[in-house]
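To start, the structure under review is shown below, and the notes come after it.
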Amino acid sequence: MYTSSRISSFNRHMKIHTAEKPHMCHLCLKAFRTVTLLRNHVNTHTGTRPYKCGDCDMAFVTSGELVRHRRYKHTHEKPFKCSMCKYASVEASKLKRHIRSHTGERPFQCLLCSYASKDTYKLKRHMRTHSGEKPYECHVCHARFTQSGTMKIHILQKHSENVPKYQCPHCDTIIARKSDLRVHLSNLHTYKAMEMKCHYCSSVFHERYALIQHQKTHKNEKRFKCEHCSYACKQERHMTVHIRTHTGEKPFTCLSCNKCFRQKQLLNVHFKKYHDTNFIPTVYECPKCGKGFSRWAPY
DNA sequence: GCGCACACCGCCCTCTGCTGGTTCAAT
DNA sequence: AATTGAACCAGCAGAGGGCGGTGTGCGC
């Protein structure tokens, strides 16, 4: 309900409830309620911006726009202060919007899902997830995106030189995105209460990166050492075979001639060579004299 | 009644950061 | 060959900056 102490203000207000628009633009025939609105409109045709900023090249149609611009860009005066945090804004509407981040109020409800936003723009942006609209197109590869920021990152990462990289402060890893570095730090360099055991020894770690680095030290380690000689190897199955050279054990017997072998592979080679009638031995020919050999032993 | 100053609404933009699917190299 | 896990990548939402436009209070 509008009330006013002045009849002139009341009459002006009442005009907004009528379709009466007596002031017409002579350039586009659009009509306006007041002379001021018409003048501002005509200025958009003529490019007239009477209110010029003294500190930059910007100019505005109304004085209010100039004042606000100067606050944003030059004086940084922010009269609207949040009572719950340090936030302050140039405009009251911005403070109102900010307050919603404290209260959690979400007045703008999506009609197609449960999402609700704190301002109209976010709801409008959200609606693209339902419509499938992708208004932003990469000028290089023509890929399309729902948000301009996503496209900007795409162009930067895919089509630009001198792409910014993020160096992990704890290791040599360089990562393309700041948010991915955060994931890297969380996964590899964050203390975990649960103990992580080394696959090869009894060591335990609380940080995944330390565990991985430690396990690399085992990589070329010959962990299996012979009790009877200096032989050492990486795999247990190799040691099992080696031990037979000390015990004399030869568990693989040829069924055709009863000859015994320490390794199954040696038995297989023996059988093919001496008992398999279809066996055709590979002959390696010398490229210089043409002489044939049964094994390849380059020069 | 006019015009200035200010309040207010709305629109669009950027920056930021999280998330989950994909890719690819190491095991 | 299958599995694993770290980096890559696009999608999406939160927060805030900046400006266009309109309505209102009030001095002249």
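Below, chain A is the first sequence line, B the second, and so on; all start at residue 1.
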Just checking [X]: base, sugar-phosphate only, or nothing, at a heavy-atom cut-off of under 4.0 Å?
| X | value |
| --- | --- |
| R70(A) | nothing |
| F108(A) | nothing |
| M151(A) | nothing |
| T173(A) | sugar-phosphate |
| R208(A) | sugar-phosphate |
| T146(A) | sugar-phosphate |
| T150(A) | base |
| I153(A) | nothing |

Does OP1 or OP2 of [N] have a side-chain N or O of [X] closer than 4.0 Å?
| X | N | result |
| --- | --- | --- |
| K152(A) | dC15(B) | yes |
| S89(A) | dG16(C) | no |
| Y51(A) | dA5(B) | no |
| K73(A) | dG18(C) | yes |
| R125(A) | dC13(B) | no |
| R106(A) | dG14(C) | yes |
| S63(A) | dA5(B) | yes |
| K134(A) | dG11(C) | yes |
| H184(A) | dA7(C) | yes |
| R177(A) | dA7(C) | no |

Between atom [atom1] in [X] and atom [atom2] in [N], what is the gap in whole Å?
| X | N | atom1 | atom2 | answer |
| --- | --- | --- | --- | --- |
| L185(A) | dA6(C) | CG | P | 13 Å |
| D180(A) | dG21(B) | CG | P | 15 Å |
| Q147(A) | dG14(C) | CD | C1' | 11 Å |
| F80(A) | dG18(C) | CZ | P | 15 Å |
| K158(A) | dT23(B) | NZ | P | 11 Å |
| Y115(A) | dT19(B) | OH | C1' | 15 Å |
| R182(A) | dA6(C) | CZ | P | 18 Å |
| E91(A) | dG20(C) | CD | C1' | 11 Å |

| task | Pick out which of Y121(A), F108(A), Y115(A) makes a ring-ring contact (aromatic ring centres under 6.0 Å, His included) with H126(A). | result |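 Option passing the ring-ring contact (aromatic ring centres under 6.0 Å, His included) with H126(A): Y115(A).
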| request: Check the angle between the aromatic planes of H69(A) and F60(A) and answer parallel, tilted or perpendicular using the 30° and 60° thresholds. | output: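 It falls in the tilted class, 30° to 60°.
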| task | Just say parallel, tilted or perpendicular for the rings of Y191(A) and H206(A), cut-offs at 30° and 60°. | result |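 Because their plane-to-plane angle is under 30°, the rings of Y191(A) and H206(A) count as parallel.
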Of all the nucleotides listed ([options]), which has the minimum atom distance to the side chain of [X]?
| X | options | value |
| --- | --- | --- |
| H154(A) | dA7(C), dA10(C), dG14(C) | dA10(C) |
| K78(A) | dA6(C), dG17(C), dT14(B) | dG17(C) |
| A92(A) | dA13(C), dC8(B), dG20(C) | dC8(B) |
| I212(A) | dC6(B), dA13(C), dA6(C) | dA6(C) |
| Y121(A) | dC11(B), dG20(C), dC13(B) | dC13(B) |

| said: Please tell me whether Y87(A) and I99(A) are part of a single hydrophobic cluster in this structure, the criterion being side-chain heavy atoms less than 4.5 Å apart. | reply: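 Same cluster.
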| message | Are H159(A) and H139(A), when compared by the centres of their aromatic rings, separated by less than 6.0 Å? | response |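 For H159(A) and H139(A), the ring centres are not under 6.0 Å apart.
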| query | Between atom OH of Y136(A) and atom CZ of R128(A), what is the distance when rounded to the nearest 0.5 Å? | reply |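 These two atoms lie 4.5 Å from each other.
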Does a distance-only test, which skips hydrogens and angles, find a donor-acceptor pair under 3.5 Å between the side chain of [X] and the base of [N]?
| X | N | answer |
| --- | --- | --- |
| K94(A) | dG10(B) | yes |
| R68(A) | dG20(C) | yes |
| K118(A) | dA15(C) | no |
| R128(A) | dG11(C) | no |

| query | Within a reach of under 6.0 Å around CG of L112(A), are more than 12 heavy atoms found that belong to other residues, nucleotides or ligands? | reply |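 It does: L112(A) CG has more than 12 such atoms within range.
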| Passes salt bridge (charged side-chain N to carboxylate O under 4.0 Å, His left out), D55(A) versus R70(A)? Steps please. | CA-CA 8 Å; D55(A) 293 311; R70(A) 287 189 51 73; 2.6 Å; yes
